[in-house]
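Below is one structure, written out as structure tokens, with a few remarks after it.
Letters A, B, ... mirror the listed sequences (proteins, then strands); counts begin at 1.
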2 protein chains.
Amino acid sequence: MSGTRWLSDEEQRTWRAYLASTQLLQEALERQLQRDSGMPHAYYTILAMLSEAPGRALTMTRLARVTMFSASRLSHAMARLEEKGWVRRVKHGQDRRTTMAELTPEGFAALEAAAPGHVQEVRHRLFDPLTDEQTRQFRDILAALTAAYAREGHESGLASP
Amino acid sequence: MSGTRWLSDEEQRTWRAYLASTQLLQEALERQLQRDSGMPHAYYTILAMLSEAPGRALTMTRLARVTMFSASRLSHAMARLEEKGWVRRVKHGQDRRTTMAELTPEGFAALEAAAPGHVQEVRHRLFDPLTDEQTRQFRDILAALTAAYAREGHESGLASP
DNA sequence: GCGCAAAAGTTGAATGTTCAATTATTCCGC
DNA sequence: GCGGAATAATTGAACATTCAACTTTTGCGC
């Protein structure tokens, strides 16, 4: 790693702007949800993903995938959500390794109560400041970033010594 | 909150793409730094900001501002970094409330060792996948987002004395 | 069908972050 | 020059996340 290619001034500024804006947005979401609904954004995400699933239920593994949480993080979070009565975990019949996570009516209600404020915050912080043109560009940029990731995931063993 | 303006399908997709790509990037940075240099990204940020300061030192408050950390988060993190011998905290002479945080030679060396791998990861994950045109657009989008935030009264910009 | 690797999920300890309270010092109006 | 507001920073407890180790169950090769 001798010839490091550093960031140009322009890239440096862009990178700093990225760090600043993502951090600000994340904090804004966290603060809004915590203040108005008493839940962290991570929990909102879990409830939201469950609510969209058929029967409002998913296996832990699938829920981990759609929320992009590690198995462990999800397990701990679900323990908390279960205490609150917002989700329930039920052993699956066919494959006895798997656990079904399901949204309770209370959990759905909590999500419904939280959603408007959350959506408003997202709109306010992310979409309102951008022109339609910028929103389109942004979408394409994000798609390019995730696509690069996906490519990486599939071509795991290229470029040997 | 009766008339909530929900996200359009297009916005919804963009929002999800945002969540996915920022999370993936964050995880990639975290993983790379932890693996290759044994430090979380937060600590790298602290070292980096100190290294750029005149005399490689800043007051805790100023350091908190440039890293965008809360005072508490910074205090805890600095305690860890001090244990590692990467920073030092010294009481200020003039104003005895303030503490100067300074980078030690060991801390600077740790930063220098970590930097190339970190920069490469940033380039690989963020800049490489984008065209020059997209990079410019991205910069403008991020600027618009932070500008909107600054306009909000959530003020955090001060000039140096 | 046996043996063993893989898959699903959980657990506890270590680490990191937030939140509220606290200490110490300086600033400022009078 | 006194008293209270503001500023700088820390602390400990509660909460969240990661990491490595573990249990249970299923799938697979033979």
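- Regarding B/Q94, its CD atom lies at a distance of 14 Å from the C1' atom of C/dT25, rounded to whole Å.
- With rounding to whole Å, A/R96 atom CZ is found 18 Å from D/dT23 atom P.
- In this structure, B/T99 reaches the sugar-phosphate backbone alone: every heavy-atom distance under 4.0 Å involves primed, P, OP1 or OP2 atoms, never a base.
- In this structure, A/M60 places its CE atom 18 Å from P of D/dT24, rounding to the nearest Å.
- Between A/R80 and D/dC15 there is a side-chain polar atom (N or O) within less than 4.0 angstrom of OP1 or OP2.
- The backbone N or O of B/Q120 lies less than 3.5 Å from no partner atom in the side chain of A/R5, so there is not a single donor-acceptor pair.
- Rounded to whole Å, the distance from CG on B/L74 to C1' on D/dA9 is 10 Å.
- Of the side-chain N and O atoms in A/R97, none sit less than 4.0 angstrom from OP1 or OP2 of C/dA6.
- Listed for the B/R123 side chain is a donor-acceptor partner under 3.5 Å among the backbone atoms of A/W6.
- Using a distance-only test at 3.5 Å, with no hydrogens or angles considered, a donor-acceptor pair links the side chain of B/S51 to the main chain of B/A48.
- Among the nucleotides D/dT10, C/dT18, D/dT17, the one closest to any side-chain atom of A/A42 is D/dT17.
- Closest to the A/H76 side chain, of the nucleotides D/dA9, C/dG12, C/dT18, is C/dG12.
- Per the geometry, CG belonging to A/L81 stands 14 Å off P belonging to D/dC15, to the nearest Å.
- Residue contacts for B/R73: at a heavy-atom cut-off of 4.0 Å it reaches a base atom on one of the strands shown.
- Distance B/D95 CG to C/dC28 P: 12 Å, rounded to the nearest Å.
- Among residues at least two apart or in separate chains, salt bridge (Lys or Arg N to Asp or Glu O under 4.0 Å) pairs with a member in residues 72-93 of chain A are A/E82-A/R89, A/R88-A/E102.
- Counting distance only, with no hydrogens placed and no angle test, the side-chain atoms of A/S75 and the base atoms of C/dT11 include no donor-acceptor pair under 3.5 Å.
- Less than 4.0 Å separates DNA chain D from no heavy atom of any residue of residues 21-32 of chain B.
- One finds the CD atom of A/E121 at 5.0 Å from the CD atom of A/Q32 (value rounded to the nearest 0.5 Å).
- Between atom OG1 of residue B/T45 and atom CZ of residue B/F69 there is a gap of 5.0 Å, rounded to the nearest 0.5 Å.
- Atom CG of residue A/L50 and atom OG1 of residue A/T104 lie 9.5 Å apart, to the nearest 0.5 angstrom.
- Residue A/R89 places at least one side-chain N or O closer than 4.0 Å to OP1 or OP2 of C/dT10.
- With respect to the salt-bridge test (charged N to carboxylate O, under 4.0 angstrom), the residues A/R16 and B/E52 qualify.
- In this model, the phosphate group of D/dA8 is not approached by any side-chain N or O of B/T98 to a distance below 4.0 Å at OP1 or OP2.
- In terms of position along DNA chain D, the nucleotide closest to B/T61 lies nearer the 5' end than the nucleotide closest to the other residue of the pair A/Q34 and B/T61.
- Counting non-hydrogen atoms under 4.0 angstrom, A/Y43 reaches the backbone sugars and phosphates but no base.
- Per the geometry, NE2 belonging to A/H41 stands 12 Å off P belonging to D/dT17, to the nearest Å.
- One interatomic measurement links the two molecules: CE of A/M78 to C1' of C/dG9, which rounds to 12 Å at whole-angstrom precision.
- Positionally, the nearest nucleotide of DNA chain C for A/A71 lies more toward the 5' end than for the other of B/P40 and A/A71.
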